[in-house]
Structures are given as structure tokens and as C-alpha cells.
Amino acid sequence: GQNIDQPTEMTATEGAIVQINCTYQTSGFNGLFWYQQHAGEAPTFLSYNVLDGLEEKGRFSSFLSRSKGYSYLLLKELQMKDSASYLCAVRDEDRHGQNFVFGPGTRLSVLP
Amino acid sequence: EAEVAQSPRYKITEKSQAVAFWCDPISGHATLYWYRQILGQGPELLVQFQDESVVDDSQLPKDRFSAERLKGVDSTLKIQPAELGDSAMYLCASSLGGISYNEQFFGPGTRLTVL
């Protein structure tokens with residue numbers, strides 16, 4: 001089976017840096033995704049990691065450690081529009097083929 | 001820019017009624033997913049198609065839910081009869097498929113309210 005854990009809520013100040021952690025347990029790990037979801041809207045893709053290390057994309061970076069089953073999303077220079085839920089999703093490969101398992105999401109509030 | 005289309009955007013129904021949702025994936029995307037997302041939780045996979053074939057429907061409540069993708073393009077998800085606990089956002093997503101990196105693209109979702 002699969003299990004993904006994220007903090008439920010986080011609060012940070014505009015202009016600051018925030019790190020959102022994700023831990024996972026899967027049997028056939030084949031990649032980790034981060035999505036952003038604003039209230040009432042569909043998730044949008046942020047980043048993808050399949051090898052250990054840091055992937056940087058503008059103000060957002062994502063890190064993966066496969067041996068530890070751990071990832072984090074780093075958001076720099078926070079803006080008010082970054083207030084959203086951040087979903088960690090793992091691509092798992094089993095007898096059915098590939099499927100995506102989403103974590104519960106972390107609701108981030110950015111305060112002025 | 002190509003997008004995943006879903007309709008309707010909102011649906012209000014009474015319990016025991018039948019409802020149907022439609023999804024049109026991005027052209028050329030072989031893999032199509034239906035997710036259910038309860039408020040405050042992450043999306044939960046209901047069914048995954050590869051072309052017209054069901055790859056995984058292990059989490060689909062088959063006594064009341066059904067899904068089809070007859071021509072391997074657009075797809076329909078049906079609930080009959082609807083129950084109060086089915087109130088949620090139903091998201092459709094598509095991807096190119098294959099074993100290499102393939103990002104999922106989500107549609108705007110259908111918000112279902114069962115009264």
C-alpha cells in the first residue's frame with residue numbers, strides 16, 4: 001500500500017521562505033510531484049523529482065531523498081497569491097501499472 | 001493552450017438520483033484519470049484508463065459508480081443512486097502515458113452537491 005504524510009496547515013509572512021515537507025511509503029516508487037491548488041480550483045503542476053537532489057524552478061524548489069522517503073517544497077520570496085494548498089503526489093508502479101497517490105495537502109496561508 | 005474539459009462545472013441533485021459527469025482530455029493523451037476530492041483532503045483516484053481500457057478501478061465503489069471511455073477519447077463517470085456522502089469535487093486528469101515522466105493535467109472539476 002501507499003501512505004503519504006504532509007502537515008495540515010502552515011502560516012508564513014509575505015517575503016519569507018517556507019518549506020513544506022512530505023514523507024511517503026510506497027512499494028514501487030517512480031517519481032514525486034508537487035501540485036498547487038487554490039480554493040475551488042483544480043491542481044496545477046509545480047515540480048517533479050525522480051532522482052535524489054534539488055530541482056529549482058524560479059521561486060520554487062523541490063528536494064527528494066528516495067532512501068528516506070522524503071521530499072520538501074521550498075517557496076522563496078512568498079507572495080500573497082501563494083496562499084493555497086500544496087499537494088505531494090507519488091507515482092507508484094504496481095501490478096495495475098502506474099498510478100498516482102496524493103497526500104492530504106498542506107494549506108499555506110501567507111500573511112502581510 | 002490545450003486543456004482538459006469537464007462538464008458540468010456544478011451539479012446539485014437529490015439522493016437516490018442518477019448523475020453523470022463528462023471529461024474530454026487533452027488531444028493525444030492516452031491516460032485518463034477520475035479523482036474524487038473531499039473538501040480539505042487530497043484527490044483520491046477512482047479509476048484510471050489507458051486508451052479505452054480500465055487500468056485501475058480498485059477504489060471505485062462499483063455498486064453505484066461506473067465509468068467508461070468507449071473510444072479511448074472522452075469519458076463519462078456515472079453515479080446511481082447518489083448518496084449524501086458523494087458530495088465532493090470530481091476531477092478529471094489526463095497524461096501522455098508511458099513509463100517516462102508524464103505530468104497530469106487537470107480539468108476544472110465538477111462540484112457535486114447531494115441533498
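Chain letters run A, B, ... following the sequence lines, proteins first, then strands; residues in each count from 1.
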Hey, could you give me the CG/CG distance between B:L45 and A:D92, rounded to the nearest 0.5 Å?
11.5 Å
Could you go step by step and tell me if B:Y35 and A:F102 meet the side-chain contact (heavy atoms from CB on, under 4.5 Å) rule?
CA-CA 10 Å; B:Y35 290 91; A:F102 281 83; 3.6 Å; yes
Verify the neighbour count for atom CG of B:L39: are there more than 12 heavy atoms of other residues, nucleotides or ligands below 6.0 Å?
no
Out of curiosity, B:Q104 CD to A:T44 OG1, how far, rounded to the nearest 0.5 Å?
13.0 Å
Within the supplied structure, the quantity of interest is the number of heavy atoms (other residues, nucleotides, ligands) at a distance under 6.0 Å from B:E52 CD; does it exceed 12?
yes
Between B:P43 and chain A, with a heavy-atom cut-off of 4.5 Å, which part of the residue counts as in contact: side chain, backbone, both or neither?
both
Just how far is it from atom OG of A:S85 to atom CD of B:Q37, taken to the nearest 0.5 Å?
8.0 Å
Quick check: is A:F60 connected to A:V110 through a chain of hydrophobic side chains (ILVMFWY, heavy atoms under 4.5 Å apart)?
yes
Quick one: closest heavy-atom pair of A:A42 and B:G107, and the distance?
CB-O, 2.8 Å
Identify whether A:V18 and A:L64 are in the same connected component of the hydrophobic contact network (ILVMFWY, side-chain heavy atoms under 4.5 Å).
yes
State plainly whether one hydrophobic cluster holds both A:I20 and A:L78, where clusters connect Ile, Leu, Val, Met, Phe, Trp and Tyr through side-chain heavy atoms under 4.5 angstrom apart.
yes
Heavy atoms only: give me the nearest A:F33-B:E103 pair and the separation to one decimal.
CE2-CA, 4.0 Å
Sequence neighbours left out, what pairs pass ring pair (Phe, Tyr, Trp, His ring centres under 6.0 Å) with at least one residue falling in residues 46-72 of chain B?
none
If Ile, Leu, Val, Met, Phe, Trp and Tyr residues are connected whenever their side-chain heavy atoms lie under 4.5 Å apart, and connections chain through other members, are A:L108 and A:L46 in the same group?
yes
Against chain A, residues from residues 76-93 of chain B with at least one heavy atom under 4.5 Å, in numeric order, are B:M89, B:L91
Group every Ile, Leu, Val, Met, Phe, Trp and Tyr by side-chain heavy-atom contacts under 4.5 Å, then state whether A:Y86 and A:M10 land in the same group.
yes
Contacting moiety of A:F100, where chain B heavy atoms sit under 4.5 Å:
both
A:K68 NZ: over 12 foreign heavy atoms closer than 6.0 Å:
no
Is there a side-chain contact (heavy atoms from CB on, under 4.5 Å) between A:Q37 and B:F106 once you walk through the steps?
CA-CA 11 Å; A:Q37 187 176 28; B:F106 284 84; over 6 Å; no
